[in-house]
Every structure is written in C-alpha cells, then in structure tokens.
Amino acid sequence: MNILIINGPNLNLLGRRQPEIYGPFSFDDYFKGLQAQFPHMHLEYFQSNHEGALLDKLHGAGSEADGIVLNAGALTHTSIALADAVAAIRTPVVEVHISNVYKREPFRHHSYLSACCEGVIVGLGLEGYRLAVEWLVRRTKVSEKLEGKE
Ligand code: CA2
C-alpha cells in the first residue's frame, strides 16, 4: 500500500520558525518516526513551495498512490487549481492542518480543498498526519474487502 504525504509552501520551515504555532519538530524527523510506525507500508513524502509542482505531484499520484495526505499550507485558502486537481483524481485525499485554523485569522477559515477531500484533520499538530495515514489504511482495507480482493 502506497501513501503519499504532500506538504505545500513554507512547511519546509517546520521546527525552525514559529514553534509556538507549528511545534518544535522538523517534518523530516517526524516522517522517520511515521515510517517506523507503519513498517509494512510504502510512505512517500513530498514538499514544494511551488503550486505547479504540487499540481504535477497530485496528477502523478492519481495512478500511483492508494491515498494522499495533503497539507497545502496557505494555498489551501487561495488555490482553485489545487482543488480542481484533488477533484480530478480518484485517489482519496485527506486534508491536514497542523494548527487549528479556526482559532486563527478569518482568511484561514475557508478552504477550497475541503469539499474535494474525503475528510479534514485540523489543529492536532503533526499527529494529524498519523491519524490521516491510519484512516487511509483502514479505508483501503475496507474497500478491498467490499470489492472481494482479500
Ligand atoms: O496549520 C497548518 O498546517 C497550515 O496549513 C500551515 C500554513 C498556513 O498558511 C495555513 O493557514 C495552516 C503555513 C505553513 C507555514 O509553515 C511554517 C512552519 C514553520 C515556520 C513557519 C511557517
């Protein structure tokens, strides 16, 4: 089972700036721990500060990944192009936000992506990624059972 985690703009700064909002850990360190927790799964991590690169990754992942965890950063609140890409692929996508965007500025309260995603996890810190992976694994197993693949 392949799960792809995609982080958008500025999330490469995790652990280096604003720890009071985003916590003290870099994503690379968190990702190593996540891989150890899901040893039988193929987890891939991709981060980009460029909208086009995120679009290309989503298009490609449509045929390769069984599930996608997406934190599009600030593009969440602005990008109809990313929403269209999520809607265009068949792979289930879970939207994750590290901070509780509803406790923050009003411009963070709207997401173009949520309506195209299977679900949204907000404000649980980096643990949101683990919960999203766990849910995607279960969802895939349930779908396979329903399709009689097991
Ligand atoms: O809470 C989240 O995960 C966000 O997606 C993070 C975005 C923000 O624009 C969204 O409203 C909510 C910002 C990512 C910036 O990440 C940084 C991490 C560390 C230091 C500075 C920025």
Side-chain angles (χ1 to χ4, degrees), residues 1-39 41-141:
M1 198 176 295
N2 297 320
I3 303 284
L4 171 64
I5 298 175
I6 302 180
N7 273 344
N10 296 313
L11 286 156
N12 55 314
L13 300 177
L14 279 175
R16 288 195 269 156
R17 312 260 163 79
Q18 296 182 277
E20 67 287 0
I21 301 177
Y22 300 111
F25 303 107
S26 75
F27 199 83
D28 285 341
D29 287 344
Y30 177 75
F31 186 65
K32 278 179 203 148
L34 203 58
Q35 284 176 310
Q37 287 176 63
F38 294 92
M41 310 233 340
H42 182 255
L43 295 183
E44 182 190 343
Y45 170 51
F46 177 80
Q47 189 277 330
S48 178
N49 292 323
H50 304 279
E51 187 173 10
L54 297 167
L55 289 171
D56 289 344
K57 195 69 189 174
L58 281 167
H59 294 169
S63 52
E64 284 165 20
D66 298 300
I68 298 173
V69 181
L70 174 63
N71 183 349
L75 290 172
T76 303
H77 318 298
T78 61
S79 178
I80 297 170
L82 276 181
D84 284 346
V86 172
I89 60 176
R90 298 184 62 172
T91 314
V93 179
V94 177
E95 177 182 350
V96 166
H97 296 288
I98 299 165
S99 64
N100 183 348
V101 286
Y102 300 106
K103 279 184 173 176
R104 302 182 65 191
E105 304 94 323
F107 63 80
R108 295 185 203 276
H109 296 182
H110 176 259
S111 163
Y112 280 104
L113 308 179
S114 300
C116 309
C117 290
E118 295 291 311
V120 183
I121 299 174
V122 169
L124 303 183
L126 290 174
E127 276 303 277
Y129 291 87
R130 183 184 59 77
L131 294 167
V133 171
E134 219 163 82
W135 184 81
L136 283 165
V137 172
R138 275 183 213 199
R139 183 197 186 280
T140 307
K141 282 185 183 156

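The structure presented is a predicted model; accordingly, all values stated were derived computationally and were not measured. Order of listing sets the numbers, starting from 1, for every ligand and every atom in it.
- Heavy atoms of L13 found under 4.0 angstrom from ligand 1 belong to the backbone as well as the side chain.
- Heavy-atom proximity to atom 16 (O) of ligand 1, evaluated over N10, I21, N7, is greatest for N10.
- With hydrogens and angles disregarded, no donor-acceptor distance shorter than 3.5 Å links the side chain of H110 to the backbone of H77.
- When only non-hydrogen protein atoms are considered, atom 12 (C) of ligand 1 lies nearest to V101 CG1, 3.7 Å.
- Ligand-side atoms of ligand 1 in range of L14: 18 (C), 19 (C), range being under 4.0 angstrom from any heavy atom.
- On a distance-only criterion, H77 and ligand 1 share at least one N/O pair closer than 3.5 Å.
- For ligand 1, the polar-atom distance check against R17 finds no nitrogen or oxygen pair separated by under 3.5 Å.
- Interatomic distance, CG of N7 versus CZ of F31, reported as 10.5 Å (0.5 Å rounding).
- Rounded to the nearest 0.5 angstrom, L70 CG and T76 OG1 are separated by 6.5 Å.
- In this structure, the protein non-hydrogen atom closest to atom 18 (C) of ligand 1 is Y22 CD1, 3.4 Å.
- At a cut-off of 3.5 Å, with distance as the only test, a side-chain donor of H97 or E95 sits close to an acceptor on the other residue.
- Ligand 1 is never approached by R16 to a heavy-atom distance shorter than 4.0 Å.
- An N or O contact shorter than 3.5 Å links N71 to ligand 1 by distance.
- Atom 9 (O) of ligand 1 has R108 NH1, 2.9 Å as its closest protein atom, hydrogens excluded (heavy atom only).
- Residue contact check for ligand 1: T76 places no non-hydrogen atom closer than 4.0 Å to it.
- Tested against C117 for a side-chain contact (heavy atoms from CB on, under 4.5 Å), the candidates V86, V69, I68, V94 yield a single pass: V86.
- Atom NE2 of H109 sits in a crowded spot, with more than 12 heavy atoms from other residues, nucleotides or ligands closer than 6.0 Å.
- For atom 4 (C) of ligand 1, the nearest protein heavy atom (residue, atom name, distance) is H97 ND1, 3.7 Å.
- Atom 2 (C) of ligand 1 has its closest protein heavy atom at I98 N, 3.3 Å.
- Polar contact with ligand 1: absent for G15 (N/O pair, distance under 3.5 Å).
- Annotation: side chain of Y22 is not in contact with side chain of R17 (no heavy-atom distance under 4.5 Å).
- Looking from atom 1 (O) of ligand 1 to the surrounding protein, the closest heavy atom is S99 OG, 2.5 Å.
- The shortest N or O to N or O distance between Q18 and ligand 1 is not under 3.5 Å.
- Atoms CG and CD1, on L82 and I80 in that order, are 11.0 Å from each other to the nearest 0.5 Å.
- Here the side chain of Q47 pairs a donor or acceptor atom with the backbone of G8 at under 3.5 angstrom.
- Listed for the N49 side chain is a donor-acceptor partner under 3.5 Å among the backbone atoms of N10.
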